[in-house]
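Here's the structure we're looking at; comments come further down.
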Amino acid sequence: MRATAAVLLVLCLLTLSHAWDCQIVANIKNLMQIDAGLGQVVATDTSQIPYYLVGDKWIRMPGSLRHITVGPAGIWGVSNGNLMFKYVAGNWVQFATSAKQLDAGGDEFVVGDNMDDVPWCLSRSASLGFMGADSSLRGIMLPGAVKYFSCGPFGCWAVNKNDDIFLMSLNQDCQNKGWSHIEGKLSMIEVATDGSVFGVNSAGQVYTRDGITASKPEGTGWSNVLMYMPMKHVTYDLGRLWVISNSGFTMVCKH
């Protein structure tokens with residue numbers, strides 16, 4: 001344990017030398033996935049227990065989820081059976097559309113993909129209007145095939161099974177003009193509520209997209225965020241970069 005702590009301390013100091021001050025999140029272990037947005041942070045662990053961060057305490061949420069997201073459209077999750085839920089008044093309410101992964105970071109709309117990698121969009125009116133299991137609302141199918149999908153104020157980013165990267169302009173009614181290919185390879189990708197884009201490749205390296213603006217949503221290029229250990233998941237909000245390592249450690253980094 002002492003040796004492990006010493007190694008982690010050295011890794012954090014090395015990261016600090018490259019302009020990211022990273023600290024181990026000591027009071028949560030074995031996270032599988034994490035999402036941050038609008039000042040909120042949610043996560044699931046390898047036992048599929050969902051959590052909500054309050055101060056420095058991780059509060060256990062009800063239910064069992066393997067994926068969870070938070071953003072302008074609220075808090076949503078996916079169970080191990082690919083069932084999709086919205087967090088309503090302290091409880092999870094099932095939605096009719098199935099999902100493998102989903103994201104609530106768009107302009108009050110929700111996007112995701114199913115087990116066949118078919119992407120879909122739930123409009124603003126449907127996302128905000130959904131309150132109960134008796135709702136007849138459904139997602140709108142989108143073109144292409146993606147395995148991970150995330151939206152922000154300047155567009156939606158996704159990666160497919162080959163780790164190819166794509167960008168789509170999507171409005172509150174799910175209207176779009178299709179995908180544009182972006183150079184690079186990533187295994188997962190996340191868009192923050194301020195438009196920042198971060199991702200992880202198959203080697204566990206973390207990247208961020210430079211130069212993103214409202215007038216240039218595709219940005220200008222990728223920059224490596226040095227972490228000195230392989231990562232599997234990343235999310236960013238309000239100046240804090242949250243990363244989960246392949247070995248199960250969670251870190252929060254400030255630039």
Inset, instruction - State the CG-OG distance between Leu31 and Ser245, to the nearest 0.5 angstrom. - result: 10.0 Å
Legend entry - Any Met251 side-chain heavy atom under 4.5 Å of Ile24 side chain: yes
Inset, instruction - Look at the aromatic rings of His67 and His233 and report parallel, tilted or perpendicular, splitting at 30° and 60°. - result: perpendicular
Inset, instruction - Considering only NZ, NE, NH1 and NH2 on the basic side and carboxylate oxygens on the acidic side, decide whether Lys254 and Asp21 come within less than 4.0 Å. - result: no
Legend entry - Side chain Asp117, main chain Ala145, donor-acceptor under 3.5 Å: no
Inset, instruction - Answer with yes or no whether the hydrophobic clustering places Ile244 together with Met227; edges join I, L, V, M, F, W, Y residues whose side-chain heavy atoms lie under 4.5 Å apart. - result: no
Inset, instruction - Check Ala73 against Glu108 and note the closest heavy-atom contact, atom names and distance. - result: CB-C, 3.8 Å
Legend entry - Positive for ring pair (Phe, Tyr, Trp, His ring centres under 6.0 Å) with Tyr87, one of Tyr52, Trp92, Trp76: Trp92
Inset, instruction - Locate the shortest heavy-atom distance separating Ile49 from Arg60; write the atom from each residue and the value. - result: CG2-NE, 3.4 Å
Legend entry - Side chain to side chain, Asn30 and Ser47, heavy atoms closer than 4.5 Å: no
Legend entry - Check: Trp222 and Arg209 side chains under 4.5 Å, non-hydrogen atoms: yes
Legend entry - Close side-chain approach of Pro72 to Leu38, heavy-atom, < 4.5 Å: yes
Legend entry - Any donor-acceptor N or O pair under 3.5 Å, side chains Asp35, Thr69: yes
Inset, instruction - Kindly indicate, with the supporting measurements, whether the criterion side-chain contact (heavy atoms from CB on, under 4.5 Å) is fulfilled by Thr97 and Leu122. - result: CA-CA 9 Å; Thr97 299; Leu122 192 61; 5.6 Å; no
Inset, instruction - Measure the spacing between CE of Met115 and CD of Gln101 and express it to the nearest 0.5 Å. - result: 12.0 Å
Inset, instruction - Quick one: closest heavy-atom pair of Ser79 and Leu65, and the distance? - result: N-CD2, 3.9 Å
Legend entry - Cluster check Val70, Phe130: I/L/V/M/F/W/Y, side chain < 4.5 angstrom: no
Legend entry - Shortest non-hydrogen contact from Thr44 toward Arg66: OG1-O, 3.5 Å
Legend entry - Nearest-0.5 Å distance that lies between atom CD in Glu218 and atom CD in Glu183: 9.5 Å
Inset, instruction - Report yes if the side chains of Asn171 and Arg124 come closer than 4.5 Å at any heavy-atom pair, otherwise no. - result: no
Inset, instruction - Check for a donor-acceptor pair, side chain of Thr235 on one end and backbone N or O of Ala36 on the other, with a separation under 3.5 Å. - result: yes
Inset, instruction - Taking the side chain as every heavy atom from C-beta outward, state whether Val225 and Met231 have any pair of such atoms under 4.5 Å apart. - result: no
Legend entry - Partner of Lys185 under side-chain hydrogen bond (donor to acceptor under 3.5 Å, both in side chains), chosen from Asn162, Asp164, Asp163, Asn201: Asp164
Inset, instruction - Check for a donor-acceptor pair, side chain of Lys100 on one end and backbone N or O of Val118 on the other, with a separation under 3.5 Å. - result: no
Inset, instruction - In sequence, state the C-alpha distance, the side-chain angles, and the governing distance for Trp242 and Leu53, and then conclude on side-chain contact (heavy atoms from CB on, under 4.5 Å). - result: CA-CA 12 Å; Trp242 300 82; Leu53 181 62; 3.6 Å; yes
Inset, instruction - Under 4.5 Å between side-chain heavy atoms, chaining through other members, with only Ile, Leu, Val, Met, Phe, Trp and Tyr counted: pull out the rest of the cluster around Phe109, sorted by chain and number. - result: Val111, Leu142, Val146, Phe149, Phe166, Met168, Leu170, Trp179
Inset, instruction - Decide yes or no for Val243 and Phe198: does some side-chain heavy atom of the first lie under 4.5 Å from some side-chain heavy atom of the second? - result: no
Legend entry - Hydrophobic cluster membership, Phe85 vs Val110, 4.5 Å side-chain cutoff: no
Inset, instruction - Determine the minimum heavy-atom distance between Gly77 and Leu102, stating which atoms define it. - result: C-CD2, 4.0 Å
Inset, instruction - Please determine which of Tyr148, Tyr236, Trp157 meets the side chain to side chain contact (heavy atoms under 4.5 Å, CB included) test together with Glu190. - result: Tyr148
Legend entry - Asn160 side chain to Lys147 backbone, donor-acceptor under 3.5 Å: no
Inset, instruction - May I ask you to test the Ser187-Val200 pair for a side-chain heavy-atom distance under 4.5 Å? - result: no
Inset, instruction - Find out if a path of hydrophobic residues (ILVMFWY) with successive side-chain heavy-atom gaps under 4.5 Å connects Val41 to Ile68. - result: no
Legend entry - Heavy-atom closest pair, residues Trp58 and Ala43: CZ3-CB, 3.9 Å
Inset, instruction - Quick one: pull up CD in Gln205 and CG in Leu186 and give me the separation to the nearest 0.5 Å. - result: 10.0 Å
Inset, instruction - Verify, without hydrogens or angle tests, whether Thr208 (side chain) and Val197 (backbone) share a donor-acceptor contact under 3.5 angstrom. - result: yes
Inset, instruction - Establish whether Val78 and Tyr51 are linked, either directly or via other cluster members, by ILVMFWY side-chain heavy-atom contacts under 4.5 Å. - result: no
Legend entry - Test item: side-chain donor near acceptor, Asp210 and Ser223, under 3.5 Å: yes
Inset, instruction - Please round to the nearest 0.5 Å and tell me the distance separating atom CE of Met61 and atom CD1 of Ile75. - result: 4.5 Å
Inset, instruction - Would you please test Asn82 and Asn114 for side-chain contact (heavy atoms from CB on, under 4.5 Å) and show each step? - result: CA-CA 8 Å; Asn82 303 316; Asn114 63 23; over 6 Å; no
